[in-house]
Amino acid sequence: MAAAFAGLMSLLNTSELLFHPSQQWLGINIVQIVYLLQKVHILQEFLEDYSHRAHQEMAGVESQIAAAAYAAEEIIEFHVLDRISARSTGSEGNSSTRFSEDIPKVIEEMEDLIQNKLMMIKETIGKFEEDPNFIDYSPAVASRSAPKEQNTMVGFDEKLEEILDILTGQQSNRQILAIVGMGGIGKSTLANNVYQHPLIKHHFDICAWATISQKYSARNIIYEMLSEIGQSRSDSHDLSDDQLGQTNCDTGEEQLGELLYKKLFGRRYLIVLDDLWSIEAWDEIKRFFPDHCNNGSRIMITTRVKKVAEQLSSCPLFEMDLLDDNSSWELMREKVFGYEQGCPPELEELGNTIAKNCKGLPLAIVVIGGLLAKSDKTMDSWKRVAGNMNSIINSEDNEKCQKILYLSYNNLPIHLKPCFLYLALAPRSYNMDIPMLIKLWVSEGFVKPIRGKSLEEAAHEYITDLVDRNLLILGRRGVLGNLLRCGVHDLLNDLCEREVEKINLFPMIEDRNPKFVSFLRLRPSILEPEGFVPRALDILGQVSLSLSITSGSDSTPCYAGQLQLLRVLIMVDSILLPDENSQLMNLRFLCFRGHLDGNSILRFYSLMSLFWNLQTLQIHNSLSDEPLYLPSEIWCLPHLRHLEILPGCVLPDPPIDKHDSHILENLQTLSTVLLFRWTEEVCTRLPSLKELRVMYGCLPHAGVEWPFFHLHNLVHLHKLQSLYFQVDSPICLKYLSFPVSLKELTLSACKLPWEDMSIVGSLPNLELLRLCFNACKGLTWCPINGQFVKLKVLDIENTDLVYWKADKTHFPILEHLILYYLNLEEFPRDFGEHLTLTEIKVVSCGDSTNGWAEQIGEEQQSFGNEGFQVIICAKEEDKRIIITTVGGYTLSQGIVAYDGARA
């Protein structure tokens with residue numbers, strides 16, 4: 001149902017734009033749009049409620065809903081483009097008539113779909129679910145019995161020992177322990193090795209294992225545990241086979257649950273709930289596990305959903321990581337040759353490569369290892385496997401691998417599925433920039449609006465949810481814990497590609513000239529045209545949605561032709577020009593990177609006001625330091641959300657009139673702006689701004705002083721969270737004010753007196769402060785108590801500071817301290833007792849500063865802060881190298897790293 005939901009969300013986002021005051025000139029019958037949206041919401045709610053119910057009556061509904069949604073959206077977009085064309089040429093056009101005739105037809109189709117097909121599905125499924133005698137005994141529901149043997153486990157020995165210690169520890173209260181990780185990573189294998197361990201069999205009176213899965217029956221789960229208890233021991237308390245058989249036929253869930261409760265009561269038990277997907281499943285059975293005996297009973301769960309693990313676990317989570325290259329080869333070698341036989345030397349290198357290409361996922365290693373074990377142990381045979389690994393793992397013969405991975409996808413809420421499948425467009429093993437991915441999701445119309453939140457905030461929750469479900473691999477976090485980069489395992493990338501192809505979510509035209517077109521996404525209802533020639537874009541008709549162009553050394557401009565519905569356009573060292581009929585006016589995301597042709601940019605500027613729905617504009621000119629002078633039409637883009645210009649832009653003053661179309665009410669990112677005047681009127685026209693990067697050259701210039709720029713009005717940007725402020729002349733804070741909403745502040749070259757830091761320190765929400773390149777001047781800094789109450793990261797670079805008269809009370813929750821090119825003689829006292837501090841990084845500082853950092857590390861260790869780390873970089877070029885040590889100092893490439901655990 002992902003394609004249908006994506007179509008509805010895209011239509012919903014497009015339709016709601018029509019209500020903006022700036023779009024009144026379109027002449028659209030708003031009553032018709034309101035009626036259309038009513039139908040869209042009904043279809044949306046149906047998919048959210050019924051998409052997870054794999055009933056035969058659902059067959060065919062997805063394509064009908066998707067077709068209706070895309071048809072309605074195309075009618076709207078073509079009408080808008082016709083009106084734009086008519087407005088720019090001075091002609092009347094006849095699009096209004098066509099719109100009034102075509103939209104009612106689509107609404108009628110949706111109404112027919114709702115009244116007939118959807119109502120019938122609801123009634124049919126409702127009858128099945130209301131039938132008290134209906135029990136789903138499908139394989140997806142039936143619980144698997146507990147494993148009887150230990151499986152090969154590599155790379156998780158430490159976790160095994162830790163889990164055994166917790167399960168057999170002295171804590172008398174019942175504890176719940178959770179093992180969490182992506183599908184196929186070895187959660188059940190680890191749990192089984194714990195479950196079968198002799199220490200567990202000796203320590204617990206009763207052990208029982210039940211597999212929950214996505215579709216579960218509480219009765220079946222309880223019955224499985226009773227069955228295993230009955231088979232595991234033969235004392236007077238155990239149920240006989242005849243008794244158990246009788247309960248299977250005649251006994252309901254409550255009666256079985258009471259039997260289980262009586263069996264467990266008073267005994268020290270271990271229950272393993274494997275493959276738990278939801279809190280609801282736990283809620284249905286938890287009352288049958290005694291919780292007041294205080295005899296050291298334990299419950300161990302495995303789950304792919306981190307949120308479930310966090311809500312249930314009373315112990316630290318055991319998160320499963322992908323195997324490293326050495327462990328991957330060790331596991332594969334054992335699968336192929338067993339424990340005793342070694343690998344022939346001539347196959348060792350190729351075997352290592354094959355194992356490495358499994359990207360650390362035990363499931364893939366076991367599948368490939370099983371095939372190698374059955375094949376000839378020859379170089380040619382192994383080379384054939386190495387060259388066909390993806391097809392082997394994803395083959396129809398290997399259903400187990402596919403089913404395990406598809407469980408994670410199938411369990412996704414419907415609103416997450418289109419966003420996850422969008423990752424099929426990313427290159428393999430690619431670490432994606434999360435802010436960019438969010439902008440693309442929003443531009444494609446995939447994000448469901450949530451009242452009180454921006455689309456970006458909603459999309460960020462999508463990212464978090466996908467990470468928690470172990471479908472995205474977290475690549476890097478910022479120092480404040482914010483997600484910056486993520487990846488997806490190759491097997492999940494394969495899953496996305498298969499599913500996209502199966503449901504026709506966004507057909508792809510593969511480029512035959514990789515220097516030109518990277519990808520092109522089409523409307524799902526349009527088949528891939530034959531004989532595609534990248535430069536002959538006219539043949540694509542009016543169907544494309546996303547296009548990426550790279551011209552390499554050939555920077556010849558390409559003309560847009562008939563790309564009327566293009567939404568996302570990314571160009572690297574190339575220019576795609578609008579033609580005379582303004583065919584690119586539907587763009588939502590536009591990115592120029594690399595070499596920019598001046599004439600092409602000017603032509604783009606001249607048409608800028610016609611981009612009715614442009615949301616993200618990125619211009620990154622890597623070959624020039626010259627700023628771009630933006631036209632005044634930039635203020636005529638009411639839906640603009642992100643404006644990012646590198647190396648910088650000169651932003652014109654807004655038009656004098658206060659027309660709504662000149663208020664950028666959705667703009668959240670503005671970077672980098674040069675020499676701009678922040679009048680109070682300008683600030684009121686940017687009410688949603690969250691990220692701002694501004695730069696000012698040397699002053700005075702031509703008689704211009706700081707008051708001319710009205711920087712004190714920045715205080716009126718009430719939603720601003722991140723500010724980068726760079727100047728090349730001294731300034732004092734009587735000319736510069738900050739909003740209380742600010743969380744991140746970077747000051748560069750301002751040469752502020754250190755006394756002005758009291759103003760910065762009073763910002764109630766400030767979490768990160770970077771002081772770069774003489775941001776402050778003076779030898780002494782004496783912070784004031786009661787300030788920097790939320791500061792977590794402090795970065796001081798290239799200043800003449802010598803005497804830093806502070807202690808831990810001045811930075812009560814500081815976590816990261818970074819010092820660059822400082823020669824301090826007096827340091828903050830008692831930072832060695834500052835237990836919120838997790839890291840001190842010192843780069844190219846004097847010996848006294850390095851010695852102070854080492855002393856802090858020793859003191860932190862004595863206070864038990866084992867996670868504390870000191871990183872000392874002797875050279876600037878080494879500052880990105882981080883070494884984590886255990887047991888003392890490590891010196892490598894000019895770096896000394898200390899982790900608080902000196903030998």
Side-chain angles (χ1 to χ4, degrees), residues 1-51 57-84 86 93-123 414-415 418 444-449 451 503-505 522-526 542-543 545 564-565 567 586 588 612-613 639:
M1 295 294 170
F5 195 83
L8 290 175
M9 285 301 98
S10 184
L11 172 59
L12 177 64
N13 283 300
T14 298
S15 300
E16 291 190 342
L17 295 174
L18 303 177
F19 292 93
H20 193 276
S22 64
Q23 311 301 351
Q24 292 179 354
W25 65 274
L26 292 173
I28 285 182
N29 186 333
I30 294 300
V31 174
Q32 288 181 319
I33 298 299
V34 170
Y35 196 49
L36 173 67
L37 289 177
Q38 290 175 351
K39 307 307 173 189
V40 169
H41 286 300
I42 293 173
L43 294 171
Q44 170 197 327
E45 291 173 1
F46 169 80
L47 290 180
E48 291 174 338
D49 292 340
Y50 289 87
S51 62
E57 296 295 334
M58 298 291 288
V61 171
E62 176 177 19
S63 60
Q64 291 177 277
I65 295 176
Y70 283 117
E73 190 168 25
E74 287 185 4
I75 291 170
I76 292 172
E77 290 180 331
F78 277 132
H79 169 77
V80 172
L81 293 177
D82 285 345
R83 295 291 294 164
I84 290 174
N94 59 356
S95 60
S96 297
T97 302
R98 293 203 304 269
F99 176 84
S100 300
E101 293 175 352
D102 292 342
I103 277 292
K105 295 177 183 177
V106 177
I107 294 175
E108 185 177 346
E109 291 177 9
M110 290 184 176
E111 179 67 27
D112 183 66
L113 189 61
I114 293 169
Q115 293 298 326
N116 296 318
K117 191 70 173 179
L118 268 58
M119 294 303 296
M120 181 184 68
I121 291 174
K122 289 181 179 181
E123 291 176 3
I414 187 67
H415 67 273
E444 299 283 9
F446 289 162
V447 181
K448 178 182 177 182
R451 186 180 298 275
I503 68 175
N504 209 28
L505 179 58
L522 305 179
R523 287 279 189 198
S525 58
I526 306 299
Q542 301 163 335
V543 298
L545 295 180
Q564 283 188 303
L565 300 186
R567 290 185 181 177
N586 203 50
R588 300 182 184 183
W612 76 284
N613 194 13
H639 305 300

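Just so you know, residue 1 is the first one in the sequence shown, and it goes up from there. Everything quoted here is computed from the prediction, not taken from an experiment.
Taken from NE2 in H79 to CD1 in I103, the straight-line distance is 9.5 Å, to the nearest 0.5 Å. Here the straight-line distance linking atom CD of Q44 with atom CE of M9 works out to 3.5 Å at 0.5 Å rounding. Atom-to-atom distance recorded for L36:CG and I76:CD1 is 5.5 Å, nearest 0.5 angstrom. Atom CD1 of I65 sits about 14.0 Å away from atom NZ of K39, to the nearest 0.5 Å. One finds the NZ atom of K122 at 6.0 Å from the CG atom of L118 (value rounded to the nearest 0.5 Å). Rounded to the nearest 0.5 angstrom, Q38 CD and I114 CD1 are separated by 10.0 Å.
Note: W612 and H639 have perpendicular aromatic rings, judged against thresholds of 30 and 60 degrees for the angle between ring planes.
The shortest non-hydrogen separation linking H415 to P418 is O-CD, 3.8 Å. The heavy-atom pair separating G7 from E73 by the smallest distance is O-OE1, 4.5 Å. Closest of all the heavy-atom pairs between P104 and Q32 is CG-NE2, 3.4 Å. Residues F99 and N29 share a closest heavy-atom pair of CE2-N, 4.1 Å. Across I414 and A2, no two heavy atoms sit closer than the pair CD1-N, 3.9 Å. Between R83 and W25, the shortest heavy-atom distance links the atoms NH2-O, 3.1 Å.
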Exercise. Test L565 against F78 for side-chain contact (heavy atoms from CB on, under 4.5 Å), laying out the working first.
Key: CA-CA 8 Å; L565 300 186; F78 277 132; 3.9 Å; yes

Exercise. Would you please test L113 and F46 for side-chain contact (heavy atoms from CB on, under 4.5 Å) and show each step?
Key: CA-CA 11 Å; L113 189 61; F46 169 80; over 6 Å; no

Self-check item: Worked check of side-chain contact (heavy atoms from CB on, under 4.5 Å) between Y35 and M110
Solution: CA-CA 11 Å; Y35 196 49; M110 290 184 176; over 6 Å; no

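Here the rule is salt bridge (charged side-chain N to carboxylate O under 4.0 Å, His left out) with K448, and of E16, E45, E48 only E48 fits it. Just one residue in the list V106, L43, V40 forms a side chain to side chain contact (heavy atoms under 4.5 Å, CB included) with L11, and that residue is V40.
Using a distance-only test at 3.5 Å, with no hydrogens or angles considered, a donor-acceptor pair links the side chain of E62 to the main chain of A3. The backbone N or O of L81 lies less than 3.5 Å from no partner atom in the side chain of N586, so there is not a single donor-acceptor pair.
A heavy-atom distance below 4.5 Å is not found between the side chains of N13 and F446.
A salt bridge links E77 with R588: the distance from a Lys NZ or Arg NE/NH1/NH2 to an Asp or Glu carboxylate oxygen falls below 4.0 Å.
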